[in-house]
Amino acid sequence: MELRVVGADEHLAFLRTRPSASFLQTPAWAAVKPEWRAQSLGWFTTRPDAAGPAGRMVGAALVLYRQLPKVRRYLAYLPEGPVIDWQDPDLARWLTPLTAHLRREGAFGVRMGPPVVTRRWSAADLKAGIADEAVRRLDDLVPLERSRDGARAVSQLHELGWVPQAVEGGFAAGQPQFNFHLPLVVDGRPRTEEEVLKGMNQQWRRNIKKADKAGVVVTSSSGSAADLGADLEAFHALYVHTAQRDGFTPRPLSYFRTMFDALSAEEPDRIVLHLARHEGDLVAATISVRVGTHAWYSYGASSTEKREVRGSNAVQWAMVRAALAAGAEVYDMRGITDTLDADDPHVGLIQFKVGTGGEAVEYAGEWDLPLNRPLYKAFDLYMRRRG
């Protein structure tokens, strides 16, 4: 296996041969993170095999380099990547050339998020767990599935010296380890809208009908920030309102403008803005992203007023229908915490997502490999103080 730097076009061409990959591993994502130096890498075969001749590109990665203050050393970050064969029983042949290259680039450490599922829990089990006073965490529930491939990948990472992390925000972005997925394909067959709707709980179905009866209208549009114009500004105003109500720090409008410009330039339908209005009032707004067969609910906002018209359910249903129409196999509602404690303030988000009838999915999480231990130790101390 040979690893070398590739251009954005070659990187994207490879991703188009895959069923899907995280949008955080597309070359366009580099433009969304200008404070990081970006580099596209490709793995190539050095010998012919049954799948084709030597020199084939078989893996790719977007690496983001963040410089340490005052020194020319970097944290090399691969969010939800790299895009390689994680089922390979010999991950060293992929990761050893990667770390050697990153060391030459001046990295003092590497952080990556293998897109490897380790466990799954059904919506029914989650609902029962929330109702059970003895259950506090997902770990208290027997999973629907334990992935052998996931367990093997985790075991290999340990053997290769990688260290599992639990980072949230800050210097390294930190992606959620637990996500909520709504499967759109079951046993190899695409689900119909009727089947997906039937799989939702009664409250979700009632709220979707209520929104429709109340006259909530959802519009969807894609393109650059200039194409979206006032609609993107309206989304951001509602998003800031939501942040103030729910107590999180909102991203600036410039971030979303950059995101739409970068992702829509890569693929016209990569990123879409959805707006739910009732009698002209914006009641909910979301952003979805799709790469191949995987669709993500990326950002959302809702009005404090007119909650009774159920704009949030209406806009989610519109995104699910769009994902089905595009041939997506998974509708990804992104991160959840691992709490199932009915008294925990975070459990409401899980209950909202559980109502879709999907499943909780645990990924392998983010892993670090120190390449320069003194610098990595200093970085780790810096992160702990910030946290």
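Taking each heavy atom of Met112 and Pro82 in turn, the nearest pair found is SD-CD, 3.8 Å. Leu263 and Ala28 make their closest contact through CD2-CB, 3.7 Å (heavy atoms, listed as atom of the first residue, atom of the second, distance). Here the shortest heavy-atom pairing between Ala342 and Ile130 reads CB-O, 3.9 Å. Between Ala328 and Leu184 the shortest heavy-atom distance is O-CB, 3.5 Å. Residue Ser20 comes nearest to Thr293 through the heavy atom pair CB-OG1, 3.7 Å, listed as atom of the first residue, atom of the second, then distance. Residues Leu15 and Ala21 share a closest heavy-atom pair of CD2-CB, 4.0 Å.
Applying the ring-ring contact (aromatic ring centres under 6.0 Å, His included) criterion to His294, with sequence neighbours excluded, gives His181, Trp296. For Trp29, the ring-ring contact (aromatic ring centres under 6.0 Å, His included) partners at least two apart in sequence or on another chain are Phe23. Residues meeting the ring-ring contact (aromatic ring centres under 6.0 Å, His included) test with Tyr297, sequence neighbours left out: none.
Hydrophobic clustering places Leu275 together with Ile271 (ILVMFWY residues linked when any side-chain heavy atoms are closer than 4.5 Å, directly or through intermediates).
Legend: salt bridge (charged side-chain N to carboxylate O under 4.0 Å, His left out) pairs involving residues 238-247, not counting sequence neighbours: none detected. Evaluation of the side-chain hydrogen bond (donor to acceptor under 3.5 Å, both in side chains) test over residues 209-221, restricted to residues two or more places apart or in two chains, returns Ser220-His274.
Residues Phe256 and Tyr299 bring their aromatic ring centres within 6.0 Å.
Residues Trp86 and Leu91 have side chains in contact (heavy-atom distance under 4.5 Å, counting atoms from C-beta outward). Between Asp139 and Arg119, some side-chain heavy-atom pair lies under the 4.5 Å cut-off. The side-chain heavy atoms of Asp332 and Asn179, taken from C-beta on, include a pair separated by under 4.5 Å. The closest side-chain heavy-atom distance from Thr46 to Met1 is not below 4.5 Å. Proximity of Leu62 to Trp36: side-chain heavy atoms (C-beta onward) are nowhere separated by under 4.5 Å. Here the side chains of Glu80 and Tyr363 are not in contact, with every heavy-atom distance at 4.5 Å or above. At least one side-chain heavy atom of Met259 sits under 4.5 Å from a side-chain heavy atom of Ser298. Residues Leu102 and Val63 form a side-chain contact, since some pair of their non-hydrogen atoms from C-beta on lies under 4.5 Å apart.
Panel note: side chain Gln67, backbone Arg73; no donor-acceptor pair is recorded below 3.5 Å. Although no hydrogens or angles enter the test, the distance criterion places a donor-acceptor pair under 3.5 Å between the side chain of Gln165 and the main chain of Val163. At distances below 3.5 Å, at least one donor-acceptor pair connects side-chain atoms of Thr45 with backbone N or O atoms of Arg56. With Thr258 contributing its side chain and Ser254 its backbone, the two residues share a donor-acceptor pair below 3.5 Å. Looking at Thr96, its side chain never comes within 3.5 Å of a backbone N or O of Arg93 through a donor-acceptor pair. Not a single donor-acceptor pair under 3.5 Å links the side chain of Asp281 to the backbone N or O of Val283. Listed for the Arg103 side chain is a donor-acceptor partner under 3.5 Å among the backbone atoms of Leu371. Side chain of Lys127 to backbone of Val354: no donor-acceptor contact under 3.5 angstrom is found. Side chain of Glu359 to backbone of Arg120: no donor-acceptor contact under 3.5 angstrom is found. With hydrogens and angles ignored, the 3.5 Å screen pairs a side-chain donor or acceptor of Arg152 with a backbone N or O of Gln87.
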**Request:** Show your reasoning for whether side-chain hydrogen bond (donor to acceptor under 3.5 Å, both in side chains) applies to His11 and Ser40.
**Result:** CA-CA 7 Å; His11 183 174; Ser40 288; 2.7 Å; yes

**Request:** Any chance you could lay out the side-chain contact (heavy atoms from CB on, under 4.5 Å) test for Val5 and Leu41, step after step, and finish with the verdict?
**Result:** CA-CA 4 Å; Val5 177; Leu41 301 177; 3.8 Å; yes

**Request:** Go through the steps for Gln316 and Tyr331 under the test side-chain hydrogen bond (donor to acceptor under 3.5 Å, both in side chains), then give the verdict.
**Result:** CA-CA 10 Å; Gln316 288 288 340; Tyr331 177 67; 2.5 Å; yes

**Request:** Determine, step by step, whether Arg136 and Thr339 satisfy the side-chain contact (heavy atoms from CB on, under 4.5 Å) criterion, reporting the C-alpha distance in whole Å, the side-chain angles of both residues, the deciding distance to 0.1 Å, and the verdict.
**Result:** CA-CA 6 Å; Arg136 291 291 181 267; Thr339 182; over 6 Å; no

**Message:** Run Asp88 and Trp94 through side-chain contact (heavy atoms from CB on, under 4.5 Å) and show every step you take.
**Reply:** CA-CA 9 Å; Asp88 193 327; Trp94 301 86; 2.9 Å; yes

**side-chain contact (heavy atoms from CB on, under 4.5 Å) between Arg290 and Glu267, intermediate numbers included** = CA-CA 10 Å; Arg290 184 174 60 84; Glu267 298 284 3; over 6 Å; no

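Note: Trp121 and Phe178 have tilted aromatic rings, judged against thresholds of 30 and 60 degrees for the angle between ring planes.
A distance of 7.0 Å separates OG1 of Thr286 from CG of Leu273, quoted to the nearest 0.5 Å. How far CD of Glu308 is from CG of Asn207: 11.5 Å, rounded to the nearest 0.5 Å. Here the CD1 atom belonging to Ile336 is positioned 5.0 Å from the CD1 atom belonging to Ile350, to the nearest 0.5 angstrom.
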Result block: side-chain N/O donor-acceptor pairs under 3.5 angstrom for residues 235-244, not counting sequence neighbours:
unit_1, atom_1, unit_2, atom_2, d
His236, NE2, Arg251, O, 2.7
His236, NE2, Leu253, N, 3.1
Tyr239, OH, Arg251, N, 2.9
His241, NE2, Thr304, N, 3.2
His241, NE2, Thr304, OG1, 2.8
Thr242, OG1, Leu238, O, 2.9
Thr242, OG1, Ser302, N, 3.0
Thr242, OG1, Ser302, O, 3.1

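The environment of NE2 in His346 is sparse: at most 12 heavy-atom neighbours from other residues, nucleotides or ligands sit within 6.0 Å. Surrounding CZ of Arg373 are at most 12 heavy atoms belonging to other residues, nucleotides or ligands under 6.0 Å away. Within 6.0 Å of CD in Gln203 there are 12 or fewer heavy atoms belonging to other residues, nucleotides or ligands. The local environment of CD in Gln202 is sparse, with at most 12 non-hydrogen atoms from other residues, nucleotides or ligands closer than 6.0 Å.
Salt bridge Asp140/Arg137: absent, no basic N to carboxylate O contact under 4.0 Å. Remark: Glu233 engages Arg257 in a salt bridge, criterion side-chain N to carboxylate O under 4.0 Å.
The cationic group of Arg4 lies under 6.0 Å from the six-membered ring centre of Phe44 and within 45° of the ring axis, placing it in a cation-pi geometry. The side-chain tip of Arg37 points at the ring of Tyr74 from less than 6.0 angstrom away and within 45° of straight on.
Paired with Thr118 under the rule side chain to side chain donor-acceptor pair (under 3.5 Å), one option of Glu145, Gln177, Glu362 passes, and it is Glu362.
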